[in-house]
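All ligand and atom numbering here is 1-based and tracks the order in the structure.
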Amino acid sequence: MSKAIKVTVKGRVQGVGFRPFIFSLADQYRLKGTVQNNMDGVKIHVESDSFQNLESFVSDIRLKSPRLSKITEIKSFEASYEAFDDFTIIPSESKGSSSLVIPIDAAVCDECLEEMRDPSNFRYNYPFINCTQCGPRYTIISSLPYDRPVTSMKNFPMCDDCAKEYNDPLNRRHHAQPIACPKCGPQLKLYEITGNEIQVNDIVHETRKLLLEGKIVAIKGIGGYHLCCDATNEETVRLLRLRKNRPDRPLAIMAISKQFAQKIANISQFEESILTSPEAPIVLLKKNSIETIANSVAPGTSKIGIMLPYTPMHHLLLDEKTLPFIIATSANPSGLPILYRDSEAFEYVKDIADCVLMHNREILHPIDDSVVECNGEELTIIRRSRGFSPDPLNASQDVNGIVAFGGQMKNTFAIGRGEQIIIGPHIGEMDHIEMEDHFKNELYHLMQWTTVPNQTAVIDKHPLYATRNIAKSYSFNEVIEIQHHHAHMAGCMEENNISENCYGIILDGTGFGLDGNIWGYEIFYGNKREFNRIGHLNYTPLPGGDKAVREPWRNAVGMLIHLYGQVGYKMANQQFPGKENLISVMNEMVQKGINSPLAGSCGRLYDAVSAILGICEISTYDGQAAILLSEVAEETNETYSIHWIDDTLHFGKMITEIIRDKNEGVPISKIAGKFQKTIVESFIKKLYALQPGKVVLSGGSFHNMYLLSELTKELTRFGYDVYHHINVPTGDGGLSYGQLVAAAAIRV
Ligand code: ZN
Ligand code: ZN
Ligand code: FE
């Protein structure tokens with residue numbers, strides 16, 4: 001008996017070769033019918049007289065779907081039999097440009113790698129091999145819909161061999177827009193930093209030789225340039241740090257394979273699946289040995305960021321016997337955007353690199369490597385960029401025409417289109433004019449591509465964030481301001497489908513509070529529209545403002561003087577000997593309230609304790625003092641004294657107890673552990689007396705896995721349902737997303 005079914009598939013199923021996949025699957029089971037893209041996925045109608053074939057077809061969709069697709073939902077329904085003669089791909093149901101898919105960059109696939117290594121293949125050793133399931137996308141597009149003439153491949157007319165594959169519906173390179181071969185495609189070129197071309201036959205081999213000699217080479221990849229050097233060469237790694245003015249911040253490693261990565265880090269099966277995924281992010285992994293690579297790659301931390309080669313060129317460059325590990329860090333002098341324009345390369349890295357490995361496939365949109373960490377079987381996104389951005393996330397309501405401008409640090413922007421949220425690539429710290437230009441450039445293109453109306457701009461409440469002026473330079477119908485930590489909370493609610501009132505515990509570095517002080521240790525009760533602040537940390541001054549953020553010992557001095565007056569002043573001098581003059585100036589500043597903004601934030605509290613314990617008095621990268629503290633902390637159930645007076649958490653007694661423990665010779669690891677446990681305890685003390693409900697955890701301090709898991713465990717014990725971020729960073733990289741959903745709730 002003839003039977004028909006309708007199948008709808010949702011998720012990332014457009015622009016990833018899904019319809020040709022369905023076409024060949026239908027062919028395999030001899031089914032008739034149609035496949036079509038529509039607004040929220042792919043719609044399939046299939047008919048057969050074999051019920052078994054229909055069933056196998058549906059189960060194969062999930063089992064055999066293309067590498068780049070991500071199926072979130074498959075539904076099948078009985079349908080009326082229409083007696084189709086064949087199976088066809090029919091034009092998209094959705095009209096207009098507003099639903100166009102923006103494809104994302106993907107790591108080279110296994111089939112392409114196999115071909116690249118096959119001496120009989122015409123792409124043997126070709127560093128730009130790709131197919132419909134791998135290669136550059138977002139980074140090479142100038143406009144949509146995605147088609148070769150609107151990519152940087154337009155300058156490379158296809159040869160006959162490539163054209164044949166491109167035009168063959170059954171070939172795995174059918175409509176692979178960046179298709180190329182040694183005859184017709186992009187080529188590598190190697191230069192000295194002076195601009196002299198190094199003319200050799202085997203450029204990859206020559207580059208490897210230079211790296212092995214201890215040279216630093218700027219290497220152009222998919223989303224920009226990396227600064228690379230041999231990661232096993234201590235001297236070179238130190239030189240790179242010196243030249244890049246990056247004394248301590250861990251450097252990312254590219255390891256030739258999982259087997260080699262395992263020589264330096266523990267890798268679970270789940271972590272392996274992330275390392276080898278098409279997104280190919282940097283994964284923070286637990287170090288297991290420091291002998292294999294240079295000590296100064298990631299000093300003082302138990303974790304190391306590792307990625308696997310993700311372009312064919314990286315695979316050719318690394319070598320098991322001679323060069324299994326390289327440093328691959330974004331090529332940008334501190335504070336500037338990632339280098340991606342060839343014309344700027346020599347000037348940009350002239351003081352850092354010795355040589356430049358270039359290619360002539362232009363990068364139109366730079367994108368940094370993504371950074372993730374695995375918590376058991378759960379993925380935590382620290383920096384959402386290459387491979388993830390600008391893949392849309394589903395929104396719980398209409399967000400069309402809302403553009404959120406994000407924060408000042410770790411900036412991203414977000415654009416609402418229909419019921420989708422598109423978070424742009426990681427931009428970074430908005431402290432330089434070059435960063436602002438970079439931001440505007442990327443925002444401009446994504447707004448063009450999404451063709452959303454300029455309805456609502458969303459900005460942070462901070463009066464001095466660069467994004468405030470940028471937003472005001474556009475013409476939006478309205479500008480909505482969202483308090484920093486409310487944006488964090490709203491984002492976490494959205495990710496977890498919570499719309500009713502709930503609690504929010506927001507632990508963060510810095511955010512502008514409604515009272516003009518710096519917040520970041522918050523208990524809120526509310527929803528995406530509005531909130532009440534029901535708990536926060538006692539404020540203490542930051543003498544010198546930003547300077548006290550970069551130099552946590554100053555923050556500690558401010559705290560001691562504020563909490564204990566002249567006694568605190570004496571304590572400060574005891575804790576930080578040799579700094580009497582500076583401390584005396586700070587004493588003045590704090591007493592008179594000169595350039596000493598008040599702060600009650602988790603990040604600053606960690607900083608101060610870290611400085612008092614002598615772990616980190618001056619930090620050279622964001623979060624260093626807190627990270628190093630939690631690295632040494634030993635788990636314990638003991639806590640220090642804290643107490644709530646109404647909605648304010650007082651921690652002065654804890655600070656004196658910490659100093660007493662330190663003076664009595666209690667191990668630093670013990671004190672640090674007790675301090676972290678006290679933070680967790682502070683929320684239990686406040687929340688145990690309240691009516692349990694849902695609580696969302698958000699803010700940058702939740703990158704600290706101890707705080708996240710311990711607080712989740714304890715709150716759950718007291719009857720709370722605890723939620724955290726899933727696809728969006730818990731830190732300020734996720735701020736734009738939260739701003740956008742909060743504004744959507746407000747404007748309705
Ligand atoms: Zn491929
Ligand atoms: Zn070709
Ligand atoms: Fe924040």
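By the 4.5 Å heavy-atom criterion applied to side chains, Ile61 and Leu25 are counted as neighbours. In this structure the side chain of Arg12 never reaches within 4.5 angstrom of the side chain of Ser69, judged on heavy atoms.
When SG of Cys112 and SG of Cys131 are joined through the Zn ion (ligand 1), the resulting angle is 110° to the nearest 10°. Geometry about the Zn ion (ligand 2) gives an angle of 120° between SG of Cys184 and SG of Cys159, rounded in steps of 10 degrees. Geometry about the Fe ion (ligand 3) gives an angle of 100° between NE2 of His488 and OD1 of Asp508, rounded in steps of 10 degrees. For the pair SG of Cys181 and SG of Cys162, the angle at the Zn ion (ligand 2) is about 110°; rounding is to 10 degrees.
In terms of distance to the Fe ion (ligand 3), the nearest N, O or S atom of Asp732 is named OD1.
Salt-bridge check for Asp168 with Arg173: failed, with every basic side-chain N at 4.0 Å or more from each acidic carboxylate O. Using a 4.0 Å cut-off between charged side-chain N and carboxylate O, Lys164 and Asp161 make no salt bridge.
Here His484 reaches the Fe ion (ligand 3): one of its N/O/S atoms is less than 2.8 Å from the metal.
Each of Phe651, Tyr606, Phe683, Tyr539 was scored for a ring-ring contact (aromatic ring centres under 6.0 Å, His included) with Tyr521, with one residue passing: Phe683.
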